[in-house]
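Taking it in order: structure first as structure tokens, then the write-up.
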Amino acid sequence: MSPTTDPKKTAPRFRFAPSPTGYLHIGGARTALFNWLLARQLGGSFILRIEDTDRERSTDESIRSILEGMSWLKLDADEGPFRQTDRMELYKSHVDKLIAIGRAYKCFCTPEELEERKKILTAKGEKPKYDGRCRQANQTQDKPYCIRFLNRDEGATVVHDLIKGDVTFQNSELDDLVIGRSGRGPTGSGVPTYNLCVVIDDALMRISHVIRGDDHLNNTPRQIQLYEALDYPLPQFAHLPMILGADKSRLSKRHGATSVLAYRDMGFLPDALINFLSRIGWAHGDEEIFSREELIQKFSLDHVGKSGGVFNQEKLLWLNNHYLKNYGEETLATLVRPFVEKLGLVLPEGPKFLKAIALVKERAKTLVDLANDLKFFLVDTVEIDPEAEQKVLTPEALDLLREFTPQLQAAEPFHEATLKALAEDLIKSKGLKMVKLAQPLRVALTGTTVSPGIFEVMTILGKEQVLKRLSILP
RNA sequence: GUCCCCAUUGUCUAGAGGCCUAGGACGUCACCCUUUCACGGUGAAGACACGGGUUCGAAUCCCGUUGGGGACGCCA
């Protein structure tokens, strides 16, 4: 089954519904991506909804950071961001309705009582679910209470999942969800919970496809019961396999950075991250490189696998280098500039620096690398790495450099081919290998043993800088 | 523990019963290129978790076992 077979035949509607209790997570970003891709592919809509009913933990800072992450990845929403806290009246009226039709009731159990009963059930080796005792309780007690949804516990609920297939749950396994948080008002505190809000919002926002992480699969049968109680049509469900850490457990902080913005700050390109994320759980034959346009064209839920996938940063680095190499110098100059500034340096405009970027981009895996590799082009005096100095700038090497310097002084034009020819003549006359001259030059001019081709470097540095850097050697 | 999901090299994956002597990519290793490091090129090692079925034929379908993961919140 694919979304194109949507029986409603209207434009499909997708959504991403993060909770603002932290930054945009890598896993969330992939969920958002898959939804966005399908919306773009099918001419549908992509809706962003902030699920902030947990007022204790939701923060505006998180919302800002999620939006920033989305916009950095260029996952633009057609509608929203909506906030659930702006829609409280809506949820309240639904709770009222559920109570009125006998599908919701007040539960007076205290957290302590609940905890106690759970312990007993666990000890007996049973599933620690709510026993439904307040279904029969006097509904007019003067005690704080929460609202629970009355689950039908006979029969079974089948989730027709676009990825997992049909998944059957015995209704007796499901317990009565809390849909309204506790308090003393007419509907407890009047603050609804996630399981109620998702259903109402997805229904009212006419979401046709609910695509989310498979950690939600267990919630789905209960949500289906809510849809049915409310007499709302069911969306299609698709539960994506999780992104895993190296130990195969769900990706979390202890596995390393999980914030999308952290990857931005580490110098990854949004295109590379998008490409990488798309390939966890999805494939299109043997292809590895996908532009956004190709993803929109080729992505399909039919080729999303069922098993979790490990986040492999090595591969991300490889992809990032691939994109870096293929980006134009002007683009890279703009992208790398903030990273250069973080080093306390300035990347000026001009063809000279574009050439420098062209030289170093091949070997950089991130924009941080790129900025570092550019460093020696941007400083007036290089700091020579002591280890490199000791190893390469031997007395013999210094002699050789001293001998070469006047030739450089006279070199005309000061260009790669000329410089290389001069170097070749010199080493040939000495019966040496090029490395004997190239490495001392490299260390003297760049401060390290690693750089692009040294004659290209010299060309960009220019005669004046080259001679200056050579002149301050011992 | 209970329920649910999952199972191809270290990792991401291709695989829709014969096209599989299991393909690609990352990583690893070797060699080539070479002024260093990368890039690039060539090559190598490396997987169908196990056991039963079904079938002329199974990585592919079914059952079981084992292993892993997720859920079991007045979080989402």
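Just so it is clear, the values below take in all heavy atoms, side chains as well, and ignore hydrogens, waters and symmetry mates. Keep in mind the model is a prediction, meaning the values are calculated, not measured. Order of the sequence lines sets the chain letters (A, B, ...), proteins ahead of strands, with each chain counted from 1.
- Between the CG atom of Leu277(A) and the P atom of U13(B) there is a distance of 12 Å, rounded to whole Å.
- Thr53(A) comes within 4.0 angstrom of sugar-phosphate atoms only, judged by non-hydrogen atoms across all strands, and of no base.
- Between Lys248(A) and the phosphate of C6(B), there is no side-chain N or O to OP1/OP2 separation shorter than 4.0 Å.
- For a distance-only test at 3.5 Å, the side chain of Asp215(A) fails to qualify as a donor-acceptor partner of the base of A76(B).
- Atom CZ of Arg117(A) and atom P of C72(B) are 19 Å apart (whole Å).
- Nucleic acid contact for Lys118(A): sugar-phosphate only, since backbone atoms but no base atoms lie under 4.0 Å from a heavy atom of the residue.
- Each of Leu114(A) and Gly305(A) lies near RNA chain B, and the nucleotide nearest Gly305(A) is the one positioned closer to the 5' end.
- Residue-level contact check: Lys325(A) touches the backbone only, with heavy atoms under 4.0 Å from sugar-phosphate atoms and none from bases.
- Within the shown strands, nothing qualifies as a pairing partner of G73(B) under the Watson-Crick or G-U definition with both distances less than 3.5 Å.
- Heavy-atom distances to RNA chain B give each of Trp282(A) and Lys129(A) a nearest nucleotide, and the one nearer the 5′ end belongs to Trp282(A).
- For Asp385(A) (side chain) and Ala388(A) (main-chain N/O), a donor-acceptor pair under 3.5 Å exists by modelled atom type.
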Original post:
Where along nucleotides 18-37 of chain B does protein come under 4.0 Å, by heavy atom, of base (B) or sugar-phosphate alone (S), with - for untouched nucleotides?
Top reply: -----BBSBS-------BBB
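- Taking atom CZ of residue Arg55(A) and atom P of nucleotide C75(B), one finds them 12 Å apart after rounding to whole Å.
- For the P atom pair drawn from C39(B) and C61(B), the interatomic distance equals 39 Å after rounding to whole Å.
- Across all strands shown, the partner of U28(B) is A44(B), judged by Watson-Crick or G-U wobble contacts whose two distances both fall under 3.5 Å.
- A donor-acceptor pair is defined here as one N or O able to donate and one able to accept, closer than 3.5 Å; such a pair exists between the side chain of Arg442(A) and the backbone of Pro452(A).
- Ring pair Phe311(A)/Tyr263(A): centre-to-centre distance below 6.0 Å.
- For the P atoms, the distance from G46(B) to C4(B) is 39 Å, rounded to whole Å.
- The same atom, P, is picked in G15(B) and in U8(B); the two are 14 Å apart, to the nearest Å.
- Of the N and O atoms on the side chains of Thr53(A) and Arg87(A), not one donor lies less than 3.5 Å from an acceptor on the other residue.
- No contact: His322(A) has no heavy atom under 4.0 Å from any strand.
- Remark: G67(B) base-pairs with C6(B). Criterion, Watson-Crick or G-U wobble with two distances under 3.5 Å.
- Of the listed nucleotides (C72(B), C6(B), U11(B)), C6(B) has the atom at the smallest distance from the side chain of Ser307(A).
- With no hydrogens or angles considered, no side-chain donor-acceptor pair links Asn219(A) and Tyr194(A) at under 3.5 Å.
- The listed nucleotides are A14(B), U2(B), C5(B); the one nearest the side chain of Ala283(A) is A14(B).
- Using a 4.0 Å heavy-atom distance criterion, Gly213(A) is classed as making no nucleic acid contact.
- Residue contacts shown for Asp175(A) are absent, as no nucleic acid heavy atom lies under 4.0 Å away.
- Rounded to a whole Å, the CZ atom of Arg222(A) is 13 Å from the C1' atom of A76(B).
- In the set C12(B), G1(B), G73(B), G73(B) carries the atom at the smallest distance from any side-chain atom of Arg57(A).
- Taking a pair to require two hydrogen-bonding distances under 3.5 Å in either a Watson-Crick or a G-U wobble arrangement, G18(B) pairs with C56(B).
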**OP:** Would you sort out whether Arg363(A) and Asp373(A) count as a salt bridge (charged side-chain N to carboxylate O under 4.0 Å, His left out), showing the intermediate values?
**Re:** CA-CA 9 Å; Arg363(A) 44 193 38 85; Asp373(A) 293 349; over 6 Å; no
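- Residue side chain Ser182(A) reaches the base of C74(B) through a donor-acceptor N/O pair under 3.5 Å, judged by distance alone.
- Protein atom CG of Asn218(A) is 17 Å distant from nucleotide atom P of A76(B), rounded to whole Å.
- Nucleotide U34(B) has no partner under the Watson-Crick or G-U criteria, as no pair reaches both atom distances under 3.5 Å.
- Rounded to an integer number of Å, the gap from CD of Glu56(A) to P of C75(B) is 8 Å.
- Electrostatic pairing of Asp60(A) and Arg83(A) counts as a salt bridge here, judged by a charged N lying under 4.0 Å from a carboxylate O.
- Dashed line: the shortest gap from a side-chain N or O of Arg181(A) to OP1 or OP2 of G73(B) is not under 4.0 Å.
- Aromatic rings from Phe16(A) and Trp36(A) are positioned such that their centres are separated by 6.0 Å or more.
- Rounded to an integer number of Å, the gap from Gln223(A) CD to C4(B) P is 18 Å.
- Residue His216(A) is in base contact, counting any heavy-atom pair closer than 4.0 Å across all strands shown.
- Across all strands shown, Lys306(A) has heavy atoms under 4.0 Å from sugar-phosphate atoms exclusively, and none from any base.
- Not a single donor-acceptor pair under 3.5 Å links the side chain of Ser182(A) to the backbone N or O of Tyr145(A).
- Regarding His239(A), its NE2 atom lies at a distance of 15 Å from the P atom of C4(B), rounded to whole Å.
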Subject >> Derivation of the salt bridge (charged side-chain N to carboxylate O under 4.0 Å, His left out) call for Lys355(A) and Glu456(A) >> reply: CA-CA 9 Å; Lys355(A) 274 185 210 153; Glu456(A) 292 162 296; over 6 Å; no
